[in-house]
Structures are given as structure tokens and as C-alpha cells.
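In the text below, chain A, chain B and the rest are named by the order of the sequence lines, each starting its count at 1. Worth knowing before you read on, the calculation uses all heavy atoms, side chains too, and leaves out hydrogens, waters and symmetry mates.
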Amino acid sequence: MTMKEQNYEMALDCFLLAGQIMMESGAETYRVEDTMLRMARSQDIEDAQSYVTPTGIILSLGRRQITKITSITNRITDLHKISLVNNISRKLTLKIITLDEAYDELLKIQKTNYFLPIHVQILTASIASSCFMVLFNGLWSDMPAAFVAGGVGYLAVTMVQEATKVKFFSEFFASLVVGIIAYLAVHFGLGTELDKIIVGSVMPLVPGVLITNAVRDLMAGHFTAGIAKGTEAFLTAFAIGSGIALVVAI
Amino acid sequence: MEYILQIIFSFIFTACFGVIFNAPTKAIPYCGIVGAIGWIVYYLINHIGVQEVQASFVGAFVVAIVAQIFARRFKMPMIIFNVSGIIPLVPGGIAYNTMRNIMELDYNLGIQNGMRAFMISGAVAMGLVFAEVITQLVMRTFNKGKTSMQSFARAKRRTQKFK
């Protein structure tokens with residue numbers, strides 16, 4: 001079976017798109033590399049090579065086709081997209097769907113927004129913040145304050161992120177808002193332990209996933225990716241910390 | 001009673017993070033189960049006097065094992081289940097205290113808390129990776145009896161259900 005030249009071009013675009021969607025949705029580096037190479041091997045392209053970093057992907061199909069690069073500018077955590085791309089790669093590898101169908105579906109996935117409505121997300125962020133009180137020996141009476149602060153903090157981070165597109169600033173601003181609400185709650189007697197309320201409310205913003213992914217990438221030998229993700233996690237933690245610190249210092 | 005309360009609230013806590021990270025809707029309750037199991041293991045071990053670093057390691061190890069089981073069961077990538085499962089173990093509170101100590105110019109306590117946060121997050125990541133490697137080894141010996149064609153056919157039969 002020999003493929004035509006434009007088929008190789010489409011195959012390259014298809015694999016690269018799969019990698020791009022996964023990386024933008026926060027998948028681990030080794031999974032992205034593995035998925036792209038598996039898809040390539042299923043199309044009888046045995047000598048494909050890839051180089052994956054959190055900011056860009058290089059994929060080559062050997063001598064058949066010129067090498068292509070894609071850059072990755074924004075990274076969020078969207079597990080639904082990762083699982084969808086994973087499904088498509090699995091189906092392509094088992095030859096249940098053809099390359100054309102896979103490419104069409106990937107294009108559709110890239111355009112669609114799979115997130116739940118924003119008010120559901122804010123509600124869950126609030127509930128998560130108040131549950132934190134029980135898990136870490138907080139007071140039950142602090143739960144309403146954490147509920148409000150967590151929800152407003154999450155709303156702030158999404159809104160500012162949409163308006164400015166600067167992650168550092170939106171996280172700084174959100175933790176500032178959380179700090180002010182928590183301080184006011186304690187000041188007016190609606191809460192008791194300032195520290196616990198603040199920690200619970202910033203939990204939805206904390207880069208826990210990034211930290212563990214960074215360490216895992218380092219252990220898997222992807223040092224560039226590990227360092228880059230670690231730096232991103234450090235910046236996020238720094239943004240949250242300085243936002244809170246501003247309130248505490250005043 | 002205390003333990004039941006912890007289980008319930010860690011379930012809700014983790015499931016909420018499943019929503020925030022946009023896990024597929026049918027996987028969200030299982031995210032909660034993963035988190036609740038990991039947290040209760042951590043909580044019990046920490047209660048009988050083991051240090052928090054070692055307890056975090058064991059907790060993350062259990063999270064990764066349960067996540068592997070669910071990932072194989074539902075044919076989804078493992079990251080869906082373990083990302084929210086480890087959230088209760090991640091040292092958010094200690095990291096916050098570190099930042100606060102440093103802002104209050106108490107550098108000694110800041111470094112102490114910072115090292116604690118670093119050790120715990122390292123232990124969590126180590127637990128995840130170790131569990132993954134060990135399950136892979138077990139699965140490899142488990143699958144040795146079959147030829148690759150047999151396991152390929154089995155995988156194909158399973159995926160056809162999802163069509």
C-alpha cells in the first residue's frame with residue numbers, strides 16, 4: 001500500500017493537530033508523543049519522529065514529506081478533549097475509522113467548547129472551597145465565607161483571563177479578591193480563621209496539576225517540558241501568593 | 001463517624017475538581033471515588049503517626065493504582081482520574097504558609113515550610129510514577145501468555161462497543 005503525496009500531507013496535518021489539541025488541553029508530554037507516533041505507525045509510517053515541548057511541537061514523517069512545526073500559545077486543563085482525541089487515536093490505530101474521518105473529527109473537536117456552563121463551574125468551585133474546611137480541620141462556621149470567596153475568586157480569574165489574556169495578572173487579581181473577601185468576612189464576624197478561609201478559596205487556582213505533571217515529565221526524561229511546566233507552576237504560585245500577601249500586609 | 005465524614009467530603013471535593021478540569025461527565029463520579037480512596041488512605045496513615053511526606057507517597061500510590069483500574073475499565077487516559085484525585089494531597093495550605101512567612105520576613109520558618117511543600121509534592125509525584133511503572137510491569141507479565149495478535153483482537157472487540 002503506497003500513499004499519494006497529498007495523503008502524506010494530510011496525515012502530517014492530522015497527527016500534528018491531534019498533538020496540538022492534547023498539548024493545549026494539558027496532557028503529559030510523553031502521552032502526546034506516544035499518541036502521534038502510534039497514529040503514524042498505524043498508517044505504515046514507521047520512521048516518524050517527533051519533538052514535543054509545552055510551547056511547540058515538531059513532527060517529521062521521514063523523507064516523504066517536509067517537516068512541520070506547530071506552536072502552542074495557550075494551555076488550560078480540559079480533560080474532555082484529551083479523552084476525545086485519545087478515542088480517535090485508538091479508533092485510527094485499530095483501523096475502525098480512516099485518516100480522513102479522523103482528521104474531520106479532530107477539526108470538529110478543536111472548534112467545539114466542551115466546558116460546562118460557567119455558573120456550574122463557579123458553583124463547583126464554591127462547593128470545593130467550602131469542603132476544604134472539613135478536610136483540613138477548619139471550623140464548620142467558616143464554610144459560608146469560603147463558599148462565597150471561592151466562587152467569586154473563580155469568577156474573577158475567568159473574567160480577567162478573558163479580558164486580558166495574561167495568566168499571571170488574572171491569578172494575581174483573583175487571589176487579591178479572595179483575600180479581600182476573606183478579610184472582610186473575618187472583620188464582620190462571619191468567619192473566624194482567616195488563613196483557612198483563604199487557603200480553601202484559592203484551592204481552585206492552585207497549580208497542583210502543573211507541579212505533578214512537571215515532576216513526571218522530568219522523571220520520564222522530557223527535561224525541556226519539565227522545566228517549562230515547573231516554571232509555569234512557580235509563576236502561578238507566585239501570582240497567587242503575592243495577591244494574598246498584599247491583603248495580609250495591609 | 002469522623003472517617004465517614006472525611007470520605008463524603010473528599011468525594012465531593014474531588015468531584016468538584018473533576019468539573020473544574022472538565023472531565024467527561026460520566027467520569028466525574030469516578031474521579032470522586034479515586035480522590036476519596038486516596039484521601040482516606042492518607043488520613044488513616046497520617047493518623048497512626050506516619051509523617052506526612054510518607055503518607056502522601058502512599059496516598060498518591062493508591063490514587064494512581066485506582067486511576068489505572070478505572071482507566072483500563074473505561075478506556076480513557078489515566079490523567080482524567082488521577083489529576084483530580086491527587087488534589088487533596090497537594091500541599092496548597094503549606095505553600096500558602098510559606099508565602100505568608102516570607103512576606104512577614106520570617107525567612108527561617110518560610111524555608112522550613114517551603115521544604116515541606118517541596119518534599120510533599122515530590123512524594124506525590126513519586127507515588128504516581130512508581131504506581132504507573134509497577135502496574136505496567138504487572139500487566140506485561142500478565143499479558144505474556146497471549147500473542148500480540150490475540151491481545152490486538154481483544155482490544156478491537158472492546159473498542160467496537162464504543163462505536
Heavy-atom proximity to chain B below 4.5 Å, by part of [X]:
X	result
A:Met219	side chain
A:Asp78	both
A:Tyr154	side chain

Query - Which atom of B:Ile20 lies closest to which atom of A:Pro204, heavy atoms considered - result: CD1-CB, 4.1 Å

Residues of [range] within contact distance of chain A, non-hydrogen under 4.5 Å:
range	result
residues 27-45 of chain B	B:Trp39
residues 7-15 of chain B	B:Phe9, B:Ser10, B:Ile12, B:Phe13
residues 115-128 of chain B	B:Ser121, B:Val124, B:Ala125, B:Met126, B:Leu128

Would you compute the distance between atom [atom1] of [X] and atom [atom2] of [Y] and round it to the nearest 0.5 angstrom?
X	Y	atom1	atom2	answer
A:Ser83	B:Lys75	OG	NZ	13.5 Å
B:Phe81	A:Leu79	CZ	CG	9.5 Å
A:Tyr114	B:Thr25	OH	OG1	11.5 Å
B:Met76	A:His80	CE	NE2	7.5 Å

Please check if the number of heavy atoms outside [X] that lie under 6.0 Å from its [atom1] is greater than 12.
X	atom1	answer
A:Phe168	CZ	yes
B:Ile134	CD1	yes
A:Glu162	CD	no
B:Gln51	CD	no
B:Phe61	CZ	yes

Does any part of the side chain of [Y], heavy atoms only, come nearer than 4.5 Å to the side chain of [X], both counted from C-beta?
X	Y	value
A:Phe238	B:Met99	yes
A:Ile82	B:Ile79	yes
B:Cys16	A:Cys131	no

Among [options], which has the most heavy-atom pairs under 4.5 Å with chain B?
options	result
A:Asn86, A:Ile76, A:Ile240	A:Asn86
A:Thr77, A:Leu135, A:Ile127, A:Val199	A:Leu135
A:Leu116, A:Ile198, A:Ile122, A:Leu123	A:Ile198
A:Ser25, A:Ala128, A:Ala125	A:Ala128

Report task. Would you mind checking which part of B:Ala95 comes under 4.5 Å of any heavy atom in chain A, side chain (CB onward), backbone (N, CA, C, O), both or neither? Result -> neither

Query raised in the report: If you check every heavy atom in residues 26-41 of chain A against those of chain B, which residues fall under 4.5 Å?
Result: A:Gly26, A:Ala27, A:Glu28, A:Tyr30, A:Arg31

